[in-house]
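I have a structure I would like to understand better, so I am pasting it below and will then ask my questions one at a time.
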Amino acid sequence: MKTRGQLLLLILYLLPSSALVVEDDVKCLKGVQESLFNPKGSLSSWTFENTSVGFICSFSGVSCWNDRENRVIRLQLPSMSLSGQIPSSLQFCSSMSNLDLSSNSLSGPIPSSICDWLPYLVTLDLSTNSLSGPIPHELSNCKYLNTLTLDGNSLSGAIPSSLSALKRLKSFTVASNKLSGSIPPSSPAWVSTALRLMATLGSAARRSGNAEEVSEHRM
């Protein structure tokens, strides 16, 4: 009898934790919908009255780990004319591996805490927006990043040398920004790729090592 009581207590203890994970991802998407101006109504189909298992997985642009739980793995909202800043509510989708907000009208900085919010990101595409400010050196904390696409914004400053810590990075694009400074010293793979790019960009780029000219890294 004592064992049954202990088991019941354990179940009651675990249930709120599980419910919290589900509620967090719902809170994440509610915040995204509420914080972004959505002139095309692309996010208007997101309705939260339905509380059935996996209901957010049918939302436009949302993919879940499986259809039996409200846990977002991918949020893909390109070319929806969305404006505003990158929503802080993304921190509640902490299991997400793919975030695509490209080809919108987002403004403001890339949040320095985005890798704390989304530590398992594999793909981050913020290209073709109106983002400004520096590339956060904290992006190096997204240690699973495979693709980082930031081209077509108004980002300024230098490419952070800390990004060389991203050992899994295969594609890094920052073309068409307002970057300046030198190619950062980094791992041999980064340096050899940069040198190959400089060779293709001509002697002017080789002399200056300008980050705006050497704007793409592929390994």
Between atom CG of L169 and atom NZ of K143, what is the distance when rounded to the nearest 0.5 Å?
15.5 Å

So, the side chain of S103 versus the backbone of P78: is there a donor-acceptor pair under 3.5 Å, distance only?
no

Return yes if some donor-acceptor pair links the side-chain N/O of N129 with the main-chain N/O of N153 below 3.5 Å, else return no.
no

Compare all side-chain heavy atoms of I110 with those of L126 and state whether any distance is below 4.5 angstrom.
yes

Decide yes or no for C64 and R71: does some side-chain heavy atom of the first lie under 4.5 Å from some side-chain heavy atom of the second?
no

Should V26 and L90 be counted in the same cluster of Ile, Leu, Val, Met, Phe, Trp and Tyr side chains packed under 4.5 Å apart?
yes

Within a strict 4.5 Å, meaning less than it, do heavy atoms of the Y144 and L121 side chains meet?
no

Specify the closest pair of heavy atoms between S162 and S140, including all atoms of both residues, with the distance to one decimal.
O-CB, 3.2 Å

Kindly indicate whether the side chain of T128, heavy atoms from C-beta on, has any atom under 4.5 Å from the side chain of S102.
no

Check: L77 main-chain N/O paired with N104 side-chain donor or acceptor under 3.5 Å:
yes

Would L43 end up clustered with L29 when hydrophobic side chains under 4.5 Å apart are linked, directly or stepwise?
yes

Value for CZ (F92) from CH2 (W117), rounded to nearest 0.5 Å, stands at 10.0 Å

Which value, rounded to the nearest 0.5 Å, describes the distance between L75 atom CG and L101 atom CG?
6.0 Å

Report yes or no: do F55 and V72 belong to one cluster of Ile/Leu/Val/Met/Phe/Trp/Tyr joined by side chain heavy-atom distances under 4.5 Å?
yes

Over all atoms of both residues, closest heavy-atom pair of S52 and N70:
O-ND2, 4.0 Å

Minimal non-hydrogen separation, S164 against S161, with atom names:
OG-O, 2.8 Å

Are the side chain of N177 and the backbone N or O of L155 linked by a donor-acceptor pair below 3.5 Å?
yes

Using a 4.5 Å cut-off on heavy atoms from C-beta on, say whether the side chain of P109 contacts that of Q85.
yes

Side chain to side chain contact (heavy atoms under 4.5 Å, CB included), that's the test. Do S81 and K40 meet it? Break it down for me.
CA-CA 7 Å; S81 300; K40 288 185 176 180; 3.1 Å; yes

Compare every heavy atom of L118 with every heavy atom of M96, then report the nearest pair and how far apart it is.
CB-CD2, 4.1 Å

With the side chain counted from C-beta on, respond yes when T147 and V122 share a heavy-atom pair under 4.5 Å apart, and no when they do not.
no

Suppose clustering is done on Ile, Leu, Val, Met, Phe, Trp and Tyr with side-chain heavy atoms closer than 4.5 Å. Which residues sit in the same group as W65?
I73

Using the six-membered ring wherever Trp is involved, compare the ring planes of W46 and F59 and label them parallel, tilted or perpendicular (cut-offs 30° and 60°).
parallel

When rounded to the nearest 0.5 angstrom, what is the spacing between CG in L106 and OG in S130?
8.0 Å

Hey, does T123 have a side-chain heavy atom less than 4.5 Å from the side chain of S97?
no

Would you list the pairs meeting disulfide bond (SG atoms under 2.5 Å apart) in which at least one residue belongs to residues 136-180, sequence neighbours left out?
C115-C142

Determine whether a donor-acceptor pair (N or O, by modelled atom type, separation under 3.5 Å) exists between the side chain of S94 and the backbone of Q91.
no

Quick one: are E34 and S89 in side-chain contact, heavy atoms under 4.5 Å?
no

Value for OG (S95) from CD (E69), rounded to nearest 0.5 Å, stands at 8.0 Å

Give, for atom CZ of R168 and atom CG of N146, the distance between the pair rounded to the nearest 0.5 Å.
9.0 Å

D151 side-chain N/O to S127 backbone N/O, donor-acceptor pair under 3.5 Å
no

Just by modelled atom types, is the D125 backbone N or O under 3.5 Å from a matching donor or acceptor in the T149 side chain?
no

